[in-house]
Amino acid sequence: MSLVLSALTIGIILSLLALGVLISFRIFTFPDMTAEGTVTLGAAVSAALIVHGYNPAVATAIAVLAGAAAGAVTGILHTRFKINGLLSGILVMTALYSINLHIMGRSNIPMMSVATFVTWAGELGAATGLGETVRFLGRPVPVNDLAVLTVTLLFVVAVAVALLAFFRTHLGTAMRATGDNPQMIRALGASDGNMITAGLALSNGLVALAGALLAQYQGFADVQMGIGMLVWGLASVIIGEALIGTGKLGHLLAGAIFGSVLFRLLVAVALRWGLDPNDLKLITAGFVFLALVSPGLIKKLRLRTPTEARHA
Amino acid sequence: MLDVQNIRKTFNAGTANEVRSLQGINLKIEEGSFVVVIGSNGSGKSTLLNAVAGGFYVDEGRIDIDGHDVTRWPEHQRASLVGRVFQNPFSGTAPHLSIAENLALASRRGKVRGLTPALGGGLRQQMLDTVKTLGMGLESRLDNAIGSLSGGQRQALTLLMATWLKPRMLLLDEHTAALDPRSAEQVIRITDRIVARDRLTTMMVTHSMQQAVTYGDRLVMLHRGKIIQDFSGAEKRRLRPEDLLARFEEVRRADLLDVSAAELLRRRYV
Ligand SMILES: Nc1ncnc2c1ncn2[C@@H]1O[C@H](COP(=O)(O)OP(=O)(O)OP(=O)(O)O)[C@@H](O)[C@H]1O
Ligand SMILES: [Mg+2]
């Protein structure tokens, strides 16, 4: 049971990553490699600050800002210096590797003995007065784990709702239009370059947030933890689209969250059944490859009518 | 309103693909004037409109719109003065966004886009009323994605978007060329109505001689990056399609003559 709870919690945390990837990859059709570096950046910044005695909320907020800054740099490389988008992300990702090591001072920061958001959530759980465990489907479930799960879920839902509201503002609508038709958005008086830069900042802010929360949940930050994360996020987005569809913005956002959680659960089950963890990235990449080369596959996987597809 | 002074633009300068698209264009357009631009393929019509809209910077010369020297303004900045409709119906709208969202974007052309809801306030009622004037029944489909509409419907909406906030300069580049005859007729009528209603200063490129003689109060003809003809007033009103076709034919003959003369010289001296 604990295993399932942990898979769910990590899935929910990583749905912030999926939301970030959704913004860069789906809204701006920008394959943003920066994400691999900003997951670690978020983890590194928050861990370094927390072990130096900073409040976890403050540390997490600063991590988000650091991620947004990294995304903005990628955007500037691409839009101002006209560097290919993929390469812009790779440059920043590579630079971040060194930067992350500097921030951490070593390749791994354990946070076992310091208070993080997990500690807070645990205290909230204790304050409910439910005791150590509750019974669920006849099995004992640790209240502490349940509290962490609930707090994470509520937080992520709040973030998603805020994102949805943002994308319905004038600025957010202009951002979505930029990915759709940059020529048109220029003709309507917005700089498509600035929109892309702002969008990548937003995306990487979310990715850094995922990194910061993941580090606190796992109890350590590691300089390697970002590797493969972009493809991971992409897989979540694709599963979400297959599950919930792409017709509305709200569906896309909800899909990314469900996709992330479901994907994490599937992985937990597969590992449980004896899948070699070393093969995980290979299988994830294979899955995304299949989904990308056969868009029809997604439609067939979906139980809805194809007329609801995003393209008309 | 528009003052174009001796602008030049050469694409791919110094390469085998060098094209001198604009070769010293001078054009002054009075406020409220509706100028039709014609010319053969590749004569520089789109390039001229693009130069005004800021799709690129001109190599030489100066462009003033409404008293502002916009020569070095980027495209998105000029958008505060300029409304545009493109030839391709796909260029003017964001296909995945709804009609309402596209219109909301247009309602902020050249303004700051903040964190207020895009579809808030009285905008929706205004959209219903305005879209109804198109007579296309689109007012009941405001929440449908624009990508689901026909080319003619999209061009009509793009026209609404370009003129939602009264532009100082309206640029139309063969905006009916990609449409079937019926839709083209519909869109050109809407165009004329909006331009007349708001007294918009307009430049409209067209390949239709019928449109060229029917609409506008001035007509300029481009050839090889230069203005070779400029009709206005009574002269413009008297123009018939045959006159324009005859003028095209004249230009074509002169070109042939140029080519054969060059060939003659080449044979004799090279
Ligand atoms: N971005 C560009 N790069 C290179 N050449 C260009 C570019 N834009 C226009 N040209 C060239 O400039 C010349 C004028 O093109 P333009 O599109 O202005 O013609 P046009 O009068 O609009 O023709 P049409 O009636 O076919 O639309 C053409 O030879 C074209 O190939
Ligand atoms: Mg043209």
Side-chain angles (χ1 to χ4, degrees), chain A residues 22-23 25-29 79-80 82 161-199 201-202 241 245-253 255 305-312, chain B residues 50 53-55 73-86 88-98 100-121 123 143-150 154 157-158 161-162 164-165 167 171 173:
Chain A
L22 180 77
I23 292 170
F25 196 79
R26 277 296 186 238
I27 293 187
F28 288 97
T29 34
T79 60
R80 296 254 184 254
K82 308 292 172 212
V161 168
L163 268 183
L164 186 60
F166 170 74
F167 278 120
R168 287 180 174 159
T169 64
H170 282 290
L171 182 61
T173 309
M175 276 194 186
R176 282 191 291 140
T178 304
D180 231 10
N181 186 348
Q183 157 90 76
M184 168 248 199
I185 204 71
R186 279 197 304 276
L188 291 179
S191 153
D192 53 335
N194 291 350
M195 289 292 155
I196 291 173
T197 304
L202 178 62
E241 288 177 348
T246 56
K248 289 218 176 83
L249 189 62
H251 293 174
L252 279 171
L253 297 179
T305 50
T307 50
E308 266 184 77
R310 203 166 170 228
H311 264 287
Chain B
N50 258 323
W73 285 22
E75 186 176 2
H76 65 88
Q77 194 183 347
R78 292 190 208 186
S80 58
L81 305 170
V82 175
R84 276 182 103 176
V85 184
F86 306 88
N88 186 341
F90 293 98
S91 300
T93 46
H96 293 135
L97 270 53
S98 67
E101 285 172 327
N102 273 276
L103 291 172
L105 286 169
S107 75
R108 307 296 298 178
R109 180 169 51 78
K111 296 188 174 176
V112 176
R113 292 168 203 275
L115 293 178
T116 47
L119 299 178
L123 198 54
D143 294 314
N144 291 20
I146 283 226
S148 65
L149 305 184
S150 74
R154 286 172 102 165
L157 282 170
T158 309
M161 289 167 63
W164 193 272
L165 301 176
L171 303 177
D173 189 356

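Reminder, nothing fancy here: chain letters follow the sequence lines and each chain counts from 1. As the structure is a computational prediction, the values presented were derived from the model and not from experiment.
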Worksheet item: To the nearest 0.5 Å, what is the distance between CE (A/Met195) and CZ (B/Arg113)?
Response: 6.5 Å
Discussion item. How long is the straight-line distance from CD of B/Glu101 back to CG of A/Leu249, given to the nearest 0.5 Å?
Written reply: 8.0 Å
Determine the minimum heavy-atom distance between [X] and [Y], stating which atoms define it.
X: A/Asp180; Y: B/Pro95; result: OD2-N, 3.2 Å
X: A/Ala177; Y: B/Leu105; result: CB-CD1, 3.4 Å
X: A/Ala187; Y: B/Ala79; result: O-CB, 3.3 Å

A side-chain contact here means heavy atoms from C-beta on lying under 4.5 Å apart; do [X] and [Y] qualify?
X: B/Glu75; Y: A/Gln183; value: yes
X: A/His170; Y: B/Thr116; value: yes
X: B/Arg108; Y: A/Thr173; value: no

So what's closer than 4.5 Å to chain A heavy atoms on [X]: side chain, backbone, both or neither?
X: B/Ser98; result: neither
X: B/Val112; result: neither
X: B/Ala106; result: both
X: B/Phe90; result: backbone

Item to complete: Could you have a look at A/Leu171, A/Leu188, A/Ile185 and say which one has the most heavy-atom pairs with chain B under 4.5 angstrom?
Response: A/Leu188
Fill in: Max heavy-atom pair count under 4.5 Å with chain B, selected residue of A/Thr178, A/Asp192, A/Asn181
A/Asn181
